[in-house]
Every structure is written in structure tokens, then in C-alpha cells.
Amino acid sequence: MSRFGVINFFRTLLRLKKEQIDALSQRKQIIGIILILILFFSSIELDTVLLPFTYLSTWFHEMAHAITALLLGFQVSSIQIDFDTSGQTNYYFLPKDEDVEGVDNNKWKEVLITLAGPFGIPITCCFFFLMSSGSKKLSLVGFLLLTTAMILSSVFWIRHSFTGLIIIPLEALLILMACWKWRNSNNLTVLMRIFALINCISLTSEWDYVLIDKIEEQENALTDVGIIQELTGINYKHVGLLYIITSILLVGGCIYLIYKWETKRRSTLLP
């Protein structure tokens with residue numbers, strides 16, 4: 001199956017009539033997603049097709065760093081998203097005192113902030129699946145929350161990055177245009193499910209990322225798991241494997257809950 005075949009599949013989904021979309025049970029949609037993922041693992045090259053969403057996945061990753069840093073009392077100075085889809089979140093801490101205990105606590109806070117980045121993608125994946133499991137209004141709310149966060153981050157955090165300053169707001173604008181066009185259509189629910197699918201594919205790239213400790217293309221800069229190894233002494237491979245297992249359980253559990261909910265809902269509708 002070529003990447004053009006994947007594009008045609010998405011176009012077919014988006015052109016379904018309301019009656020056809022309603023006829024697609026969420027169970028069939030989930031089965032379809034699993035089949036497409038199997039095809040993806042069969043060496044389908046989707047890099048070009050998924051490049052716009054790759055930038056968005058980088059944004060998910062960096063936003064997870066930024067939000068966790070804010071929750072733990074740090075200040076976020078900037079987020080950078082580069083043309084090669086790499087990213088960086090810069091934050092700092094203003095200590096109230098200089099005691100050793102405070103410094104040690106900050107070390108573990110940095111561990112949590114660093115670990116939060118890779119979890120940005122599986123969490124948003126679950127978010128898309130859950131938002132697509134309800135009515136079109138729920139999908140609309142989900143897209144509005146997403147685009148609001150994208151625009152606000154572009155205004156306050158994304159700095160010194162032409163790619164981030166242009167691509168993220170442009171993607172937010174395109175999503176808002178789709179929301180306006182399909183505000184009264186179930187196409188929004190299908191689009192939300194497609195976002196969930198593509199996020200699942202992006203998750204596989206994150207798995208590759210957490211199994212290396214340095215990035216040679218960036219002068220051997222430490223990856224998130226490499227930073228955690230430096231801060232805690234825990235082997236980066238162990239951290240990476242734990243992340244992979246946790247992300248599978250998280251996304252798999254979310255899909256299972258949707259399947260159970262759909263099954264229960266259909267059983268209540270039967271005479």
C-alpha cells in the first residue's frame with residue numbers, strides 16, 4: 001500500500017456522508033486503525049505525508065515539558081521547534097532559598113519535567129480517542145481546546161523559531177477552518193479519530209527516541225532518557241523500556257475502554 005493509497009483512504013473517510021459515518025461503529029473504526037498500523041509496520045513510508053503532524057507531535061512533546069515545569073514551580077522562557085522537527089523547552093527556577101534540600105528537590109523535579117515530554121504523545125493520543133468516542137460537539141470542544149493551546153503557546157512561549165512560529169499557528173488555523181466547515185457534521189468525529197490514529201503512528205517514533213541517550217546529528221546532545229540517566233544514575237535503556245510498556249498500557253487501555261463503552265451503548269439500543 002503506497003502513501004498515496006493512505007491519502008486516498010483519508011479522503012474517503014472525510015467524504016463519507018452523514019448516514020455512512022453513523023453506520024461505522026466505533027468497533028469497526030478501531031479495527032480499521034489497528035489494520036492501518038499493521039500496514040505501517042510493514043515498511044510504509046509516510047514521512048512526507050505525516051510531516052505536518054510530526055511538527056504537531058513535537059509540539060505535544062514540548063508542551064508536556066512546559067506544563068509540567070509550570071506545575072512544579074518553574075518558569076518557562078521559550079519553546080523552540082526546528083525545521084528538522086526537533087524541539088527544546090527552556091525553563092528556569094527561582095529558588096526561595098539556597099539550602100541543599102531545595103536543590104535536591106529541584107533535581108527530582110527536573111526528572112519529572114524531563115520524563116513528561118515523551119508522555120505528551122500517548123496522553124494526547126488518549127485525548128483524541130476519548131474525544132472522538134462521543135458526539136460531534138465533544139469533538140468540536142476537543143479541537144477548540146487544542147487550537148487555543150496552540151495559539152497561546154505561539155504567542156507566549158515559542159521564540160526564535162521560524163518553523164514553530166509559522167507552522168503551529170497555521171495548523172491551528174486549518175483545524176479551526178475544518179471545525180467551522182463541519183460544525184454540524186459528524187465529519188469532525190472522524191477527523192478526531194484520524195488525529196488519534198496518526199498520533200499512534202507518531203508514538204512509534206517516540207519509542208525509537210527513548211532508546212537512545214544521545215543525538216549524533218545534534219553534536220551528541222543528550223535525549224530525555226539520557227538526561228534522566230545523568231540525574232539519577234538509572235540506565236537510559238531501562239527508562240526507555242519502562243516508558244514503552246507504560247505508553248502501550250495507557251493507549252491500549254484507552255482503546256479498550258472505548259470498545260467496552262461502544263459495546264455497552266449498542267446493547268442498550270437493542271430491543
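Below, each value reflects all heavy atoms present in this structure, side chains not excepted, and no hydrogens, waters or symmetry copies.
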| task | Go through the steps for T114 and T68 under the test side-chain contact (heavy atoms from CB on, under 4.5 Å), then give the verdict. | result | CA-CA 9 Å; T114 304; T68 306; over 6 Å; no

| query | Is there a side-chain contact between Q88 and I79, using heavy atoms and a 4.5 Å cut-off? | reply | no

| query | Taking atom CD1 of I175 and atom CG of L191, what is their separation to the nearest 0.5 Å? | reply | 7.5 Å

| S247 versus W207, side-chain donor and acceptor atoms under 3.5 Å | yes

| said: Tell me the closest heavy-atom pair linking D224 and H65, and the distance in Å. | reply: OD2-NE2, 3.3 Å

| said: Is any side-chain heavy atom of Y91 closer than 4.5 Å to one of S77? | reply: no

| At what distance, to the nearest 0.5 angstrom, does CG of L250 lie from CG of L203? | 9.0 Å

| query | Looking at side-chain heavy atoms only, is the closest gap between M150 and P169 below 4.5 Å? | reply | no

| Are I248 and V239 connected in the hydrophobic side-chain network, where two residues link if heavy atoms are under 4.5 Å apart? | yes

| Could you state the interatomic distance from CD1 (I158) to CD1 (I167), rounded to the nearest 0.5 Å? | 10.5 Å

| task | Working to the nearest 0.5 Å, report the span between CE of M63 and CD1 of I81. | result | 9.5 Å

| query | Should V155 and L152 be regarded as members of a common hydrophobic cluster, given that ILVMFWY residues are connected when their side-chain heavy atoms come within less than 4.5 Å of each other, either directly or indirectly? | reply | yes

| query | Among C126, C125, P122, whose side-chain contact (heavy atoms from CB on, under 4.5 Å) with N199 holds? | reply | C125

| request: Indicate whether any N or O donor in one side chain lies under 3.5 Å from an N or O acceptor in the other, for W157 and S78. | output: no

| query | Do the side chains of W108 and T232 get nearer than 4.5 Å, heavy atoms only? | reply | yes

| query | T223 side chain to G226 main-chain N or O, any donor-acceptor pair under 3.5 Å? | reply | yes

| query | Can you find a pair of side-chain heavy atoms, one from L176 and one from I151, that are under 4.5 Å apart? | reply | yes

| query | Is it true that a side-chain atom of T89 and a backbone atom of A66 form a donor plus acceptor pair closer than 3.5 Å? | reply | no

| field | Audit row: L173, M177, side-chain contact (heavy atoms from CB on, under 4.5 Å) steps and yes/no | value | CA-CA 6 Å; L173 177 61; M177 290 173 61; 4.2 Å; yes

| Does some side-chain heavy atom of L188 sit less than 4.5 Å from a side-chain heavy atom of C179? | yes

| said: Angle between ring planes, F143 versus F128, binned at 30° and 60°: parallel, tilted or perpendicular? | reply: tilted

| said: Measuring from atom CD of E206 to atom CG of L211, what distance do you get when rounded to the nearest 0.5 angstrom? | reply: 10.5 Å

| request: Answer yes if I123 and I255 sit in the same cluster of Ile, Leu, Val, Met, Phe, Trp and Tyr residues linked by side chain heavy atoms under 4.5 Å apart, and no otherwise. | output: yes

| message | Within this structure, what is the CG-OG1 distance for the pair D82 and T58, rounded to the nearest 0.5 Å? | response | 9.0 Å

| query | Under the side-chain contact (heavy atoms from CB on, under 4.5 Å) criterion, do L72 and L112 qualify, and how do the steps go? | reply | CA-CA 9 Å; L72 293 178; L112 291 176; 4.0 Å; yes

| task | Determine, using the 4.5 Å side-chain heavy-atom cutoff (strictly less than), whether Y236 and L242 are members of one ILVMFWY cluster. | result | no

| request: Flag the pair Q229 / N235 as yes when at least one side-chain heavy-atom distance between them is below 4.5 Å, and no otherwise. | output: yes

| task | Measure the shortest side-chain to side-chain distance between S202 and F60 over non-hydrogen atoms and say whether it is less than 4.5 angstrom. | result | no

| message | Parallel, tilted or perpendicular, judged at 30° and 60°: which one describes the rings of F83 and Y55? | response | tilted

| query | Honestly curious: do L144 and L56 fall in one hydrophobic cluster under the side-chain, below-4.5 Å linking rule? | reply | yes

| request: Mind running ring pair (Phe, Tyr, Trp, His ring centres under 6.0 Å) on H61 and F119 for me, showing each step along the way? | output: CA-CA 7 Å; H61 181 114; F119 277 100; over 10 Å; no

